Structure formats: structure tokens, C-alpha cells
Amino acid sequence: MSQIETFYDVMRRQGITRRSFMKYCSLTAAALGLGPSFVPKIAHAMETKPRTPVIWVHGLECTCCSESFIRAAHPLAKDVVLSMISLDYDDTLMAAAGHAAEAALMDTIEKYKGNYILAVEGNPPLNEDGMFCITGGKPFVEKLRMAAKDAKAIISWGACASYGCVQAAAPNPTQATPVHKVITDKPIIKVPGCPPIAEVMTGVITYMLTFDRLPELDRQGRPAMFYSQRIHDKCYRRPHFDAGQFVEAWDDENARKGYCLYKMGCKGPTTYNACSTIRWNEGVSFPIQSGHGCIGCSEDGFWDQGSFYNRLTNVKQFGIEANADQIGTAAAGVVGGAIAVHAAVSALKKAQKKSQDKVEG
Amino acid sequence: MTGTPIPEGTILRPDPATSPAYEAARLTGDATAEDLESIRKRTSVYVYEAPVRLWHWINAACILVLIVSGYFIGAPLPSMQIGEPVEQFVMGYIRFAHFAAGMILTAAFAGRIYWGLMGNHHARQLFYVPVWKARWWKEMFFELRWYAFLEREPKKYIGHNPLAQLAMFFFMTLGLSFMIVTGWALYAEGAGQGSLPDTAFGWVLGLVQNSQRLHTLHHLGMWAIVIFTMIHIYAAIREDIMSRQSMVSTMISGHRTFKDDRPD
Amino acid sequence: MGNQTPNGFTLDTSGKRIVVDPVTRIEGHMRCEVNVNDQGIITNAVSTGTMWRGLEVILKGRDPRDAWAFTERICGVCTGTHALTSVRAVEDALGITIPDNANSIRNIMQLNLQIHDHIVHFYHLHALDWVNPVNALRADPKATSELQQAVSPSHPLSSPGYFRDVQNRLKKFVESGQLGLFKNGYWDNPAYLLPPEADLMATTHYLEALDLQKEIVKVHTVFGGKNPHPNWLVGGVPCPINVHSTGAVGAINMERLNLVSSIIDRCIEFNNNVYIPDVIAIGGFYKNWLYGGGLSSKSVLAYGDIPENANDFSAAQLHLPRGAIVNGNLNEVQDVDVRDPEQIQEFVDHSWYQYGEPGKGLHPWDGVTEPKFELGAATKGTRTNIENLDESAKYSWIKAPRWKGNAMEVGPLARYIVGYASGHEDIKNQVEGLLRTMNLPVSALFSTLGRTAARALESEYCGRLQKHFFDKLVQNIKNGDESTANVAKWDPSTWPKEAKGVGMTEAPRGALGHWVKVKDGRIENYQCVVPTTWNGSPRDSAGNIGAFEASLMDTKMERPEEPVEILRTLHSFDPCLACSTH
Ligand code: HEM
Ligand code: HEM
Ligand code: NFV
Ligand code: SF4
Ligand code: SF4
Ligand code: F3S
Ligand SMILES: [Mg+2]
């Protein structure tokens with residue numbers, strides 16, 4: 001077998017000089033808490049390491065995560081696939097089909113045991129023995145388990161793999177289940193969003209390749225670097241929010257001036273994502289900039305929090321459906337009424353007692 | 001009233017050997033031996049020490065601010081065009097008021113817990129419900145019957161009556177804790193990951209998974225507090241008028257006085 | 001031992017059974033089984049949708065104004081087209097009209113999707129059926145440059161150095177031994193006919209198109225905030241327009257319009273300089289591979305789309321044609337009425353669903369989606385390890401929609417046949433031009449290649465239409481109309497107690513319809529009949545086979561164990577399985 005394009009080659013091809021490569025290696029050593037004596041070792045590893053194999057499997061999904069991925073501008077999707085990773089299996093894009101495709105999968109698993117990254121788009125359904133998603137005649141969940149067994153780490157792409165997404169919305173007829181509830185013995189990096197931003201996807205992958213470690217995760221298992229702040233915390237319409245200047249109806253005067261979309265149901269205050277900073281499609285815009293509120297697409301269960309256009313979440317309980325204020329005013333109304341009646345009866349009783357006491361006394 | 005009329009000015013001193021004096025108060029676990037001794041001699045008892053009273057009114061003020069500002073956070077006022085956003089800060093002030101009141105409320109509540117440990121016996125009543133005491137249950141049902149107009153006359157209590165204690169425990173001790181925990185968890189979202197509020201309360205968001213749910217829980221909590229406040233104020237005034245002991249003035253002076261000197 | 005289907009195909013299951021699962025380079029999960037005789041000719045075809053998510057079930061009881069977001073997630077490839085169909089259905093039910101600007105913007109977005117989807121399909125999902133990237137390593141860059149300049153003189157990226165760079169990169173990639181997506185491809189199969197230079201040119205365009213497609217979608221980003229899955233709105237579009245006054249930067253303003261306009265120009269350029277010339281050049285080498293016609297010469301269906309004026313869906317006002325052709329009678333383009341309970345019906349006798357009454361077809365307004373997974377008695381393997389399906393029983397998650405009882409093909413080719421037969425001027429000119437250039441008869445249209453060519457022509461046509469609606473939008477703004485949404489019936493209290501509506505579009509893969517019933521402000525029933533539901537449909541109760549199945553019939557396979565030909569023909573439909581079953 002001839003020469004393998006290594007990480008070093010990739011960096012060189014990206015215009016990085018030998019000098020900055022070595023500097024990068026020493027920074028990496030420092031970041032990993034290693035002494036200067038490790039620098040040559042790291043450099044050697046980078047110079048000889050083959051591209052990291054990635055297996056990308058698909059469950060119940062809409063494939064917009066793949067679509068998003070190919071929109072990446074920096075790095076370009078083609079550079080990721082040709083030079084940074086080795087995308088050895090991805091049924092959406094690969095040339096081979098059927099047996100030949102399955103053989104490619106098995107081959108990579110065998111050859112790179114413990115060294116490949118498993119990327120999961122979509123999720124496995126568990127109802128009907130898993131047969132709501134069949135690949136190769138078998139339930140997808142089997143393929144997922146098989147591919148996960150020898151993976152170094154797992155990336156859960158999008159809301160589907162991370163949380164279940166639309167097919168897991170009530171009543172979740174297929175029992176679509178997020179990856180971390182099926183695979184419990186591997187590090188899992190959730191990259192939620194419906195879909196996630198392209199550059200966030202490539203950012204997570206290149207981070208892992210560049211720094212040779214998993215990104216720091218927040219409490220919910222998402223890379224803190226992209227998901228630690230809410231849309232609302234960095235939204236450019238935030239001054240209008242603080243001022244109390246809101247769009248009151250679609251296409252009103254305030255909408256045309258770009259006021260805050262809070263009253264139109266914007267979920268920016270409850271959504272952790274990088275849309276208001278990195279923005280979409282090479283920074284062209286993001287939902288709020290284009291006039292529609294955020295629908296919270298990177299949040300767990302965002303489909304089941306009531307209408308996207310309600311500021312207050314609808315609560316479905318005991319067959320009734322209302323928001324907190326409707327429930328609260330109704331309850332307070334009942335209590336207020338009860339108090340009024342009680343007060344009236346009390347006054348009556350007191351008057352009665354008085355006259356009685358008088359009679360008796 | 002039956003029997004021989006008691007001459008004016010007589011202080012009734014029941015014989016402990018024959019009369020179950022203040023049985024209700026004693027056996028619900030509230031009245032201490034000193035209280036009983038004291039009540040034999042005087043008609044007023046020092047119940048709420050100054051820190052409790054101070055807390056009560058600070059807490060009440062904070063809650064009113066939190067309810068009003070919280071409501072408008074959930075359903076903002078109509079947009080105003082006072083000026084450009086740099087000059088205008090309507091929502092910002094409402095949120096500021098909410099957070100400031102929330103912080104005072106939290107600190108005051110912590111102080112109240114401290115006083116629960118340091119203060120007199122009555123200062124502890126807020127923090128527990130003596131469900132293990134049969135007599136407490138009995139008096140609770142008595143109090144329920146009183147509110148349902150099934151008893152002719154209420155009993156005397158030194159601290160809270162059992163029903164009030166139950167309500168205070170659930171709506172205040174638990175309710176306020178819930179509001180403080182969820183409130184700070186919401187605050188932690190804005191303060192950012194790694195901040196102190198996040199370190200202390202960030203786990204709450206992890207527990208409910210979705211910030212929208214957290215908002216909803218906090219918001220529903222507000223309505224529970226609103227309902228408590230309505231009932232509480234009504235009951236305080238009603239009891240002031242209809243019960244045999246002082247109410248509102250007790251929360252001001254700290255002294256419980258009684259309108260008659262019959263035992264129980 | 002042949003078995004005649006009502007729609008005119010002879011099925012013979014005596015030959016060897018071949019299974020392709022997964023079918024790759026499609027959206028979603030699909031399985032295909034065929035029988036081939038000893039000459040390698042396909043005598044029976046079985047296509048199966050192997051996923052189901054239950055969106056129609058999930059939508060019940062929800063706010064109809066939210067439905068677009070749910071249905072949009074039916075597919076991220078034809079992203080937005082379901083959302084558009086959904087807002088149309090809800091507007092139809094509730095009697096909501098939209099402003100002119102909203103119509104123009106929606107059309108621009110829908111056309112933009114057509115172009116994007118067609119280009120990505122051709123280069124990234126379909127090309128490897130015709131193009132051999134490994135063979136490209138043997139190309140002479142200089143000769144490739146000459147070829148490029150010959151087929152498309154105005155394409156600027158054509159120097160020998162450019163092709164050499166690409167080739168070197170490819171070489172390095174192949175030599176690394178890590179073949180990635182190209183691993184286990186059928187690169188020495190004799191079905192590949194291109195000379196190395198054409199392979200290099202096409203492989204280069206694979207990369208060029210990959211770079212370009214991310215630019216195309218920025219039109220969605222401007223109007224809808226992101227792509228995939230831009231935002232839509234019942235009653236109009238969510239993006240306000242403000243080009244003249246204070247705060248314009250908070251809305252669609254001059255800068256945004258300029259961005260859209262520049263992308264529209266780039267689409268047109270790429271279609272003219274790369275896409276169309278490639279299809280002609282590659283098609284030229286496969287001219288004699290005329291398999292895959294299937295239903296296209298018999299029964300095709302289109303709902304029509306791209307209304308010139310807001311709220312007017314009459315056939316004459318649609319830029320993409322409406323109509324149905326049955327039994328290959330090009331002289332009669334029949335009227336399509338999606339509200340007529342007798343015209344469109346879905347059957348589930350061979351699908352993993354159940355109705356109360358077997359053998360019955362249901363119009364979507366009365367549609368029922370109740371899963372029932374069961375395998376036929378002749379299935380080989382087990383319930384969770386299927387070796388061969390039994391197509392005489394239930395065998396797919398796709399329902400079987402029929403138009404007046406006929407299995408129909410939908411998609412670019414269907415639209416172009418309907419357009420051609422009904423004398424649609426743009427379409428007729430394009431088709432005749434292409435046939436003339438390639439020196440082919442009309443009958444050549446009814447084939448795998450015809451399907452692929454129609455898609456390219458449509459991309460070109462949509463590019464021009466996109467410009468038309470952009471100009472219209474600007475003109476309307478110039479006339480003083482900046483409105484983008486009608487909120488008169490935004491509030492559910494203004495809605496009737498009960499209502500039903502239907503929305504139609506021409507999605508990239510064909511005719512798409514959503515039928516909705518609203519009751520007490522909530523969705524009572526929601527049914528989607530999707531392009532790939534039509535094309536990928538299994539057999540119906542009468543035994544008609546679906547469009548995929550029909551198209552595979554009688555194809556000769558060079559090497560039956562290497563399904564290049566099956567992939568070629570299936571890919572020519574651009575199957576979307578997430579769409580088909582939803
Ligand atoms: C937001 C409003 C209020 C809240 C949350 C509140 C809460 C409380 C709490 C927690 C206690 C128990 C004190 C302890 O044991 O430490 C209490 C007692 C009391 N409060 Fe309030 N209070 C409120 C307003 C008021 C008002 C407006 C009045 C007067 C009209 C009042 C009258 C009293 C009285 C009389 C007691 C003593 C009850 C007893 O002796 O059993 N409160 N309140
Ligand atoms: C009696 C106590 C409290 C009441 C009645 C109350 C009420 C409310 C209400 C109704 C909301 C609006 C929720 C929504 O619909 O989004 C809210 C939000 C909030 N509250 Fe409270 N709250 C209380 C205590 C606290 C405390 C102790 C804190 C801690 C500092 C706090 C911090 C917050 C924060 C950070 C928000 C979110 C503000 C935003 O989204 O802009 N609250 N509160
Ligand atoms: N079939 C289909 Fe779609 C399209 N085009 C939708 O309607 O692909 Ni995902
Ligand atoms: S997460 Fe959303 S975008 Fe990604 S595949 Fe699932 S539905 Fe599509
Ligand atoms: S538009 Fe949404 S995210 Fe932005 S400030 Fe308003 S509520 Fe927050
Ligand atoms: S809807 Fe999704 S794309 Fe971003 S702005 Fe909200 S998280
Ligand atoms: Mg359907």
C-alpha cells in the first residue's frame with residue numbers, strides 16, 4: 001500500500017508551514033499537560049497517523065443533518081471528506097450498495113477496532129421489534145449496537161440522535177429512542193439542532209482531530225464550546241427585548257424594524273445553540289434575523305412544548321390543555337370565589353352569633 | 001353560656017390536676033411548659049420574635065414584587081416607544097426588580113431558617129408538620145370543621161393553628177424553596193455555565209432537560225403562591241375578627257393576646 | 001410462467017432472486033429485490049420502503065399553524081417543500097389568502113429548492129452510476145481541458161492545470177488506500193462507459209457542485225433564516241420587507257435582495273455552463289442504454305405549481321404544469337381534481353398498514369394511518385432477519401396511492417411529459433431542443449436517461465422562473481407594496497369550528513399533496529401523499545406494480561451480483577424514502 005495522507009500532510013496542504021506545525025504540536029503538548037519532551041512524539045504521531053475513519057449510520061431521520069453537513073463552508077465539506085477524515089461508510093453518499101456496502105462497513109470495523117468514530121444521524125425505533133427502521137433486512141438498532149461496540153467515540157448528530165426529535169414527539173408511535181438510551185458504554189457527544197449548523201458539525205469533528213480529544217461537554221452532553229449559551233443571550237434583537245419593544249403581530253411596524261420576537265413565541269430564551277453568533281449558511285442569517293422566532297430546535301422535546309407561537313408553554317395534564325397563566329387565573333378565580341362565599345357566610349354566622357349571644361346573655 | 005357567671009376581672013387559673021388546660025395547644029406539640037405557665041399568669045404570649053416579624057414583612061413585600069414582575073416577564077406589557085433601546089429599559093427594569101426581589105427573598109429565607117434554629121420554639125413551627133402526633137390530626141380536623149362552619153367556636157392556639165401550619169409548611173417552606181431553586185436555576189441560565197448560580201443550581205435544568213419546562217414549573221409555582229397569599233390574607237383578617245385571639249397585631253408586635261380567658 | 005399485471009407488465013419469479021439492501025445514495029431506507037433470468041434480465045421487481053416514523057399520527061390534535069414545522073421534518077433533502085404544502089393546506093382550510101409578495105417569495109424559495117435538489121441529486125447521488133472516479137486517474141488533463149471547452153465554452157474553470165490539480169488530489173486520495181465513500185464501488189464493471197477524460201471532468205464537477213450547492217441555499221437563509229429547514233408561516237412569509245425606512249436592516253432590505261439576486265444569477269450560470277452540458281456529454285455516451293421507462297410511457301401525474309398570482313391555483317396560472325396522462329395517451333391530458341374522493345385514493349393491501357375494510361382505497365381526507373407489520377407466508381428468513389420478501393403479502397412501509405385506479409409516475413419527467421403533451425411553450429422548446437442536440441426521438445424520453453435529462457432541463461427552467469419572480473417582487477415593492485403576511489385569521493378564535501383543506505406543490509421528486517381536517521382549532525386528520533409514495537408504491541389490491549418496480553423490468557444487468565443498473569434506474573427517480581412513508 002502506498003503513502004497515506006496524514007494529518008501533517010493535510011495541514012501542509014492547508015498552507016501551514018513546518019514551523020507552525022511544530023508550534024502547534026508543542027501547544028497541543030502543553031494543552032494535554034505534557035512536557036516539551038513529548039513534542040517530537042506528537043509531531044511524529046501527526047506525521048504518520050492515517051485519517052481517522054468515520055462510520056456514519058442513519059436511523060429514523062429526515063437526512064437534513066447530512067444536508068447541513070455538506071453546506072459547511074469552513075472547512076469545506078469536500079475537504080473534510082477528502083483530506084481530514086476517511087468517511088468509510090455512509091449509506092446516503094457512498095458508491096457501493098447492498099452487500100458491497102455492508103462489506104465496507106464490516107471491513108472498517110475489523111480494521112480499526114477502537115479507533116473509528118461512529119456518527120449517528122437519526123435514531124432507532126424500538127417498537128415492533130425495531131422493524132420501523134430496517135436495514136439489510138434487520139432492525140436498525142442491531143446495526144447501531146454492532147457499529148457502536150468497537151467505536152472510539154460516538155457523535156449523535158442532530159435532535160434525532162440526541163433527543164428523538166420529531167418522530168419521538170407524542171405519541172411517539174415507533175418508540176424512537178435517542179442514541180444514549182441505547183448505547184450506554186461509550187462516550188457520546190450530542191450535537192443537537194434540527195439540523196445542527198454545518199460549521200458546528202465540522203467544528204466538532206475538526207476539534208477532535210486537531211486536539212486529539214473529545215470536546216468538553218456540558219451537563220446535557222453537548223460540546224460546551226457551541227452549546228453553552230442561549231440564543232437569547234447573544235441575540236442581536238436583545239436590546240429591543242430589554243427595552244420592551246416587541247413584534248406584536250406578523251408584518252407589523254415593529255416587525256419591519258426588527259424588534260424582539262418574544263411575543264410571537266420566540267424560544268431563544270430557552271434554547272442553547274450557536275445560531276445567534278455563528279449563524280447559518282456562512283453567517284448569512286438565522287431564524288430570528290429572518291423574522292421568525294426560534295422554535296427551539298436544539299432542545300430536548302421541543303416538539304411537545306405547545307405551539308411554536310405561544311410565549312407561554314402549554315401544559316397538557318388531565319386532558320386539559322392551557323398555559324400556566326390560564327391554569328393559574330382559573331385556579332385563583334375559583335379560590336377567590338370560594339373566599340368571597342366563605343367571607344359572606346362568616347359574616348352571616350357572626351351576625352347570628354351576636355344576636356344569639358344577646359338573646360342568651 | 002351556662003353556669004354561674006364569673007365575676008368581672010377574675011383571672012381564671014385552672015387546676016392542672018383536674019383541668020386539661022390548653023390541651024389542644026399542648027398536645028399538638030406547640031405550647032411549652034413555660035408557655036402554659038405564662039398563660040396562667042398573663043393573657044398575652046410573646047410568640048413572634050422581632051426577626052420573625054421582620055422576615056414576615058420583607059418576605060411579603062418581595063413576594064408581591066416577584067408576582068407582579070414575574071407575571072410581566074411571562075406576558076409583557078404592550079410595546080412602548082419611549083426611545084431607542086439604549087434609553088429605554090422597560091423589560092430590563094421589570095426583570096431587574098424580579099431578580100433583586102428574588103435575591104432578597106432568598107437571603108431573607110436563609111435568615112429565617114437560621115432563626116428557626118436560634119429563635120424561640122414558635123420560630124420552628126414553619127418548618128415541620130407534626131404528622132406523627134395523633135392530637136395534631138385531631139385538631140386539624142377540628143379546625144377544618146371550624147372553617148366549614150361546623151363548629152360553633154374556635155379553639156385558642158399560641159402559634160399557628162394546625163391547618164395554618166400545614167398550609168404554611170407546604171406553600172412557604174416547600175413552595176418558597178421550590179421558587180428559589182427554580183428561580184435560581186433560571187437565573188443560572190443567564191449567568192452562564194460555570195458561574196456560581198450555575199454551579200449551585202445548574203443541575204435543576206439537567207433534571208428537567210428543557211428550559212421551557214423549567215419556566216413553566218416556575219410560573220405554575222407563582223400561581224400556587226398567589227393562591228396561598230389570597231387565602232392567607234383572608235384567613236388572617238377573618239381570624240382577627242372571628243377567632244378568640246389576636247392575629248394581625250401579633251405579626252406586628254409579636255404578642256398573642258386573647259379575647260377571653262376561658263381555657264381552650 | 002408469466003403473471004400479467006393490469007398495468008401491462010409480465011412478472012416472472014422463476015429466476016435468481018437478488019437483494020439490494022441498503023439501496024444507497026438515496027434519502028432514507030430502501031430495499032429492492034429483483035428476479036433475473038439466465039440472460040441477466042430483470043423479470044420481477046419488488047421495491048420496499050423500510051422506514052416509518054408516523055408523522056400523520058403525531059400531527060393529530062396539534063395546532064394547524066405548527067404543522068408546517070412538523071411536515072418540513074418529513075425530509076431534509078426536499079426541505080421546505082412539505083412546509084409550503086402544509087401552509088397551503090391550512091390556508092385552504094381556513095380561507096386565508098396571502099399577499100403578492102408572499103407568493104413571490106414562496107415561489108422563489110420553492111424554485112430555489114428545485115434547483116438545489118436537482119443539482120445535488122445529479123452530482124452527488126446519481127453521477128456515480130455513470131461516472132467512474134477511479135478511471136479519472138488515467139485521464140490526460142490537457143485532453144480533459146479540451147473536452148470541457150468543447151462541451152461548455154463559457155465555463156471559466158477549464159484549464160489543464162485546474163484539472164491536473166483535481167486529478168492529483170484524487171490520486172493522493174486513492175493512493176492513501178483510504179477510499180472512503182468510493183470504497184467497494186463497482187469500478188471495473190463494464191457498465192461504465194465514459195472515457196477517462198469525461199470521468200475526470202464529471203468528477204471535478206462533483207466537487208464544484210458540492211461547493212456551489214451551499215451557495216444556492218442562501219436564498220432560503222435570507223427568507224427563511226436557515227437551510228435545511230427554513231421557516232414558513234401560515235398567512236404569508238415570516239420575513240418582513242423594509243427597503244426604504246428606518247430599521248430596514250431588521251428586515252428584507254436592499255442588501256438582502258442583492259444577495260438573492262446574485263445567487264439567482266449563479267444558479268442560471270451553473271445550469272447553463274455545467275449541468276446541462278454535463279448531462280448532454282455524459283448522456284451521449286449512454287445513448288443506447290434506453291432501459292428504465294417503466295410507467296413514464298403509460299401513466300404520469302402532475303399537480304402543477306408556481307402560481308403566477310397569489311391565491312390563484314387554476315391550471316392556466318401555474319408555471320409548472322398540471323394534468324394526468326393514462327395509458328400512454330399523449331393526446332389527452334386529463335384534469336386533476338385533488339378534492340374528488342374518486343380520483344386519488346391510497347391502498348394498503350401490500351403495505352404495512354390496515355384499514356377497517358381490506359381491498360378498499362381511501363381518499364386522503366378520510367385517510368387512515370394505522371401500522372401493521374406482518375410478513376407473508378413465503379417470506380424467507382425471520383421477522384427480524386428478512387432474507388427474501390413475500391410480495392404477495394404486505395411488504396412495504398409505503399402506501400399505494402392511485403389516480404382513478406392507476407399507478408402513476410410523478411417527478412420532473414412526469415411534469416415534462418404533461419407539459420410537452422399540453423403544449424407548455426417553455427417545456428416544449430426545451431425538450432425539442434435537447435432531442436435535436438442529442439439526435440434522439442421523442443420515445444427516448446421514456447427512460448432512465450429521460451428522467452435524468454428532464455431534471456436538468458427543469459433546473460434550467462426553474463432558474464429562469466426564479467429570476468422572473470425576483471423581478472416581480474422588486475416591481476411590487478417599487479409599486480409601494482411591502483406587505484408579506486395576512487394576519488386577519490391568525491387567531492384561532494376566527495376559525496370555523498370545522499374545516500378541511502388541501503395543499504399541493506410540485507416537489508423536486510414530483511406531485512405532493514397534504515390534506516388536512518381542522519376541528520375546534522386542532523388538527524383532526526392530516527394525510528400526506530408524497531412523490532416517492534407514488535413512485536415507490538408497492539402493488540395495490542388489483543396487482544398494479546408501482547413506478548420503481550415497473551422501471552426495473554426488462555433491464556439487462558452486466559453482472560447481476562453488482563447492481564449498477566438497478567441503482568441507475570432507481571436513482572433516476574431520486575428516491576426519498578423518509579418522504580415516501582413519513
Ligand atoms: C405575600 C404575602 C404574605 C406572605 C407570603 C405571608 C406569609 C406568612 C408566613 C410564612 C407566616 C408564618 C410566619 C412564621 O411562622 O414564621 C405568616 C404569618 C402571619 N401573617 Fe402573613 N404573609 C403575607 C402577608 C400577610 C398580610 C398582608 C397579613 C396581614 C393582613 C399577614 C398576616 C399574618 C399573620 C397575622 C400571621 C400570623 C398567623 C398566626 O399567628 O398563625 N400576612 N405569614
Ligand atoms: C415567589 C417567588 C417567585 C415568583 C412568584 C416568581 C415568578 C416568576 C414568573 C411568573 C416568571 C415568568 C416565568 C415565565 O413564564 O417565563 C419568573 C421568571 C423568572 N424568575 Fe421568578 N419568581 C419567584 C422567585 C424567583 C427567585 C427567588 C428567583 C431567583 C433569583 C427568580 C428568578 C427568575 C428568573 C431568572 C426568571 C426568568 C426571567 C426571564 O426569563 O427573563 N424568581 N418568575
Ligand atoms: N418524495 C419526496 Fe420529497 C421531494 N421532492 C417530497 O415531497 O424528498 Ni425528500
Ligand atoms: S435532527 Fe432534525 S434535521 Fe436532523 S435528521 Fe432529525 S429531523 Fe432531520
Ligand atoms: S428575538 Fe428571541 S432570542 Fe432575540 S431577544 Fe427576542 S426573545 Fe430573545
Ligand atoms: S429554531 Fe433552531 S436553528 Fe437556531 S434559532 Fe432556534 S435553535
Ligand atoms: Mg400518507
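Below, read A as the first sequence line, B as the second, and so on, with proteins coming before strands; counting in each chain starts at 1. On a predicted model such as this, the values are computed, not experimentally measured, just so you know. The figures that follow rest on heavy atoms only: side chains count, while hydrogens, waters and symmetry mates do not.
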Inter-residue atom distance B:Gln88.CD - A:His240.NE2, 0.5 Å rounding: 10.0 Å

For chain B, which candidate among A:Lys267, A:Lys349, A:Lys350, A:Arg230 shows the most heavy-atom pairs at distances under 4.5 Å? A:Arg230

Under 3.5 Å, is there a donor on one side chain and an acceptor on the other for B:Gln212 and A:Glu299? no

Heavy-atom closest contact (A:Pro239 atom, B:Pro85 atom, distance): O-CB, 3.6 Å

In terms of heavy-atom pairs under 4.5 Å, which option from B:Gly194, B:Gly192, B:Ala235, B:Gly190 contacts chain A the most? B:Gly190

Side chain from CB out, backbone as N, CA, C, O: work out which of these in A:Ala343 comes under 4.5 Å of a heavy atom of chain B, or both, or neither. both

Below 4.5 Å from any heavy atom of chain B, which atoms of A:Asn323 appear? Answer side chain, backbone, both or neither. neither

For B:Ile241, which atoms come within 4.5 Å of any heavy atom of chain A: side chain, backbone, both, or neither? both

What's the spacing between B:Gln81 CD and A:Tyr259 OH if we round to 0.5 Å? 4.0 Å

How many angstroms lie between OG1 in A:Thr313 and CZ in B:Arg213, if you round to the nearest 0.5 Å? 9.5 Å

Tell me which of these, B:Gly202, B:Ala148, B:Gly206, has more heavy-atom pairs under 4.5 Å with chain A than the rest. B:Gly202

Apply the side-chain contact (heavy atoms from CB on, under 4.5 Å) test between A:Ile339 and each candidate in B:Ile227, B:Ile233, B:Ile231; give the one that qualifies. B:Ile231

Does NZ belonging to B:Lys259 count more than 12 external heavy atoms closer than 6.0 Å? yes

With a 4.5 angstrom heavy-atom cut-off, which part of A:Gln245 approaches chain B: side chain, backbone, both or neither? both

Separation between CZ of A:Phe246 and CG of B:Leu77, rounded to the nearest 0.5 Å: 8.5 Å

Chain B heavy atoms under 4.5 Å from A:Arg238: which part of the residue, side chain, backbone, both or neither? side chain

Of all heavy-atom pairs linking A:Phe241 and B:Met91, the shortest is O-CB, 2.8 Å

Can you confirm whether B:Tyr71 is buried at OH, in the sense that more than 12 heavy atoms of other residues, nucleotides or ligands lie under 6.0 Å from that atom? no

Counting heavy-atom pairs under 4.5 Å with chain A, which one of B:Ser79, B:Ser211, B:Ala75 comes out on top? B:Ser79

Should the heavy atoms of other residues, nucleotides or ligands under 6.0 Å from CD of A:Glu216 be counted, would the total exceed 12? no

Supply the atom-to-atom distance B:Asn210 CG to A:Thr271 OG1, rounded to the nearest 0.5 angstrom. 7.5 Å

Would you mind checking which part of A:Gln305 comes under 4.5 Å of any heavy atom in chain B, side chain (CB onward), backbone (N, CA, C, O), both or neither? both

Counting heavy-atom pairs under 4.5 angstrom with chain A, the leader among B:Met80, B:Glu84, B:Glu189 is B:Glu189

For chain B, find which of A:Val345, A:Ile327, A:Val247, A:Val315 contributes the most heavy-atom pairs closer than 4.5 angstrom. A:Val345

Rounded at 0.5 Å granularity, tell me how far CG in A:Asp325 sits from CH2 in B:Trp223. 5.5 Å

B:Ile73 versus chain A, heavy atoms under 4.5 Å apart: side chain, backbone, both or neither? both

Side-chain touch B:His219/A:Leu312, heavy atoms, less than 4.5 angstrom: yes

Honestly, the part of B:Phe72 sitting under 4.5 Å from a heavy atom of chain A is neither

Quick one: what part of B:Phe149 sits under 4.5 Å from any heavy atom of chain A, side chain, backbone, both or neither? both

